[in-house]
Amino acid sequence: MSSETFEIIELANGDVALRRAGHKEEPLVRIHFSDESLQFLREHKIAIARAMLEAGIEAVQNIDEIDPEFHEEEELEPVNHTIH
């Protein structure tokens, strides 16, 4: 990602999203917390979403270090994983 400015917003449905500042198009990323998660997080929902988004942005900035062959074309089948 370039040095653009991004903003974290809360959508009408309660999801937290990342979008380009000043733009009204579809957000780049949405985070949806389950009802159970919201009960646990309470007023900390935005802070947790911010930490998640910051970690994701940092990972994107370092993507070549994570997987140097990331940009090579490769067909992947979608797989659901449980991450602990």
Side-chain angles (χ1 to χ4, degrees):
M1 291 187 162
S2 67
S3 62
E4 291 184 68
T5 302
F6 297 93
E7 60 187 356
I8 297 171
I9 58 170
E10 186 169 3
L11 302 173
N13 68 355
D15 287 357
V16 179
L18 178 71
R19 71 175 179 197
R20 289 180 179 86
H23 292 253
K24 300 298 180 197
E25 75 250 8
E26 184 73 15
L28 300 167
V29 175
R30 292 174 188 246
I31 298 174
H32 174 80
F33 293 103
S34 68
D35 290 338
E36 182 179 2
S37 295
L38 290 172
Q39 289 175 6
F40 177 76
L41 296 174
R42 296 176 308 216
E43 70 273 5
H44 303 291
K45 173 178 84 170
I46 300 298
I48 298 302
R50 177 185 304 274
M52 294 168 69
L53 291 165
E54 288 173 354
I57 290 168
E58 184 177 331
V60 167
Q61 291 171 340
N62 299 322
I63 204 153
D64 288 331
E65 294 172 19
I66 296 170
D67 185 359
E69 298 174 9
F70 174 77
H71 300 288
E72 291 182 13
E73 288 191 30
E74 176 180 327
E75 281 204 29
L76 299 175
E77 292 186 31
V79 178
N80 291 327
H81 294 284
T82 301
I83 301 174
H84 298 274

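Only heavy atoms go into these numbers, but all of them, side chains included; no hydrogens, no water, no symmetry mates. As the structure is a prediction and not an experimental result, all values here were calculated from the model.
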Problem set entry | Among Val29, Leu18, Leu28, the one residue meeting side chain to side chain contact (heavy atoms under 4.5 Å, CB included) with Ile57 | Leu18

Exercise. Is it true that Ile9 and Ile46 fall in one hydrophobic cluster, defined by side-chain heavy atoms closer than 4.5 Å?
Worked result: no

Exercise. Is Leu41 linked to Met52 within one hydrophobic cluster, defined over Ile, Leu, Val, Met, Phe, Trp and Tyr using a side-chain heavy-atom separation of less than 4.5 Å?
Worked result: yes

For this session: I would like to know whether Arg19 and Phe6 meet side-chain contact (heavy atoms from CB on, under 4.5 Å); could you show each step before the answer?
Result: CA-CA 6 Å; Arg19 71 175 179 197; Phe6 297 93; over 6 Å; no

Exercise. Taking atom CD1 of Ile31 and atom NZ of Lys45, what is their separation to the nearest 0.5 Å?
Worked result: 10.5 Å

Problem set entry | Connected via hydrophobic side-chain network under 4.5 Å: Leu38 and Leu11 | no

Exercise. More than 12 foreign heavy atoms under 6.0 Å from CD of Glu25: is that the case here?
Worked result: yes

Problem set entry | Test side-chain contact (heavy atoms from CB on, under 4.5 Å) applied to Glu7 and His23, step by step | CA-CA 10 Å; Glu7 60 187 356; His23 292 253; over 6 Å; no

For this session: For Asn13, look at atom CG and say whether over 12 heavy atoms of other residues, nucleotides or ligands are found less than 6.0 Å away.
Result: yes

